Amino acid sequence: MIHEPSIPSMARAIDGIYFKIIIVSYVIQHVSILDSNIIAIFAFKFNKSIMETKTERLKLNRIKAVLAETGHTGKWLAEQLDKDPATVSKWCTNASQPDLYTIAQIAHLLGVDSRDLLASKLY
């Protein structure tokens with residue numbers, strides 16, 4: 001009898017969204033319709049793991065940290081740039097990224113080098 005690796009061990013063996021998609025395909029093929037609760041739980045955990053992977057890869061800027069270091073708030077920055085505070089909040093949480101021109105504007109407003117706003121290591 002050949003032992004197939006469990007899904008959790010397969011997920012740990014190779015990291016990445018593409019491999020996780022292969023796992024979903026494996027589960028769909030090997031779990032019967034009667035086990036719909038298992039599929040629902042797996043889908044929830046799969047979605048959560050993809051979101052965590054995306055979040056980990058998007059830590060590209062240090063805007064929130066530099067705002068704190070300079071004693072400014074996201075609301076202040078939004079007013080200075082004439083942007084929606086929600087947009088600045090997304091930058092601060094790395095949910096989205098400003099363009100390079102905006103990075104230069106932010107650096108000028110905060111009195112720092114543009115490079116100070118960028119993460120030195122990608123997490």
Side-chain angles (χ1 to χ4, degrees):
M1 179 176 186
I2 298 174
H3 172 71
E4 290 187 35
S6 67
I7 291 172
S9 68
M10 289 168 45
R12 282 191 298 271
I14 300 175
D15 187 28
I17 292 173
Y18 298 113
F19 187 74
K20 292 174 185 174
I21 291 170
I22 291 169
I23 292 173
V24 169
S25 175
Y26 175 87
V27 168
I28 290 170
Q29 291 172 6
H30 291 85
V31 176
S32 70
I33 296 295
L34 298 175
D35 296 326
S36 60
N37 287 342
I38 293 172
I39 292 175
I41 291 168
F42 180 80
F44 172 77
K45 290 183 178 181
F46 174 75
N47 187 43
K48 183 179 176 190
S49 75
I50 287 179
M51 294 307 293
E52 288 170 355
T53 302
K54 281 182 167 180
T55 302
E56 290 169 9
R57 291 184 182 163
L58 293 178
K59 293 181 181 175
L60 300 175
N61 76 60
R62 299 184 59 248
I63 295 172
K64 183 177 181 177
V66 176
L67 281 170
E69 291 167 7
T70 59
H72 294 93
T73 64
K75 182 179 177 183
W76 174 84
L77 183 60
E79 291 169 359
Q80 298 300 310
L81 296 171
D82 195 29
K83 299 281 186 185
D84 186 341
T87 300
V88 174
S89 176
K90 288 178 185 177
W91 297 341
C92 289
T93 59
N94 279 280
S96 68
Q97 303 299 324
D99 59 42
L100 292 175
Y101 177 76
T102 306
I103 290 279
Q105 285 182 306
I106 294 168
H108 176 75
L109 288 167
L110 298 175
V112 298
D113 190 284
S114 295
R115 292 174 288 188
D116 295 334
L117 297 172
L118 303 176
S120 60
K121 293 180 182 179
L122 299 180
Y123 300 98

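Throughout, residue positions are numbered sequentially from 1 according to the sequence presented. Not measured: the values here are computed from a predicted model.
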What donor-acceptor contacts under 3.5 angstrom involve side-chain atoms of residues 104-119, with partners at least two apart or in another chain?
from   : atom 1 : to     : atom 2 : distance (Å)
Asp113 : OD1    : Arg115 : N      : 2.8
Asp113 : OD1    : Arg115 : NE     : 3.0
Asp113 : OD2    : Arg115 : NH2    : 3.2
Asp116 : OD2    : Asp113 : N      : 3.3

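For the side-chain hydrogen bond (donor to acceptor under 3.5 Å, both in side chains) test, residues two or more places apart in sequence or in another chain that qualify with Glu69 are Arg62. The side-chain hydrogen bond (donor to acceptor under 3.5 Å, both in side chains) test applied to Thr102 returns Asp99, not counting sequence neighbours. Lys64 meets the side-chain contact (heavy atoms from CB on, under 4.5 Å) test with Cys92; sequence neighbours excluded. By the side-chain contact (heavy atoms from CB on, under 4.5 Å) test, Asp82 pairs with no residue at all, sequence neighbours left out.
Each of Leu60 and Trp91 belongs to its own hydrophobic cluster when Ile, Leu, Val, Met, Phe, Trp and Tyr are linked at side-chain heavy-atom distances under 4.5 angstrom.
Annotation for Val88 and Gly74: closest pair CG1-O, 3.6 Å, computed over non-hydrogen atoms.
The structure places OG of Ser96 at 8.5 Å from CG of Asn61, a figure rounded to the nearest 0.5 Å.
Among residue pairs with one or both ends in residues 70-81, those qualifying as side chain to side chain donor-acceptor pair (under 3.5 Å) are Thr70-His72; sequence neighbours excluded.
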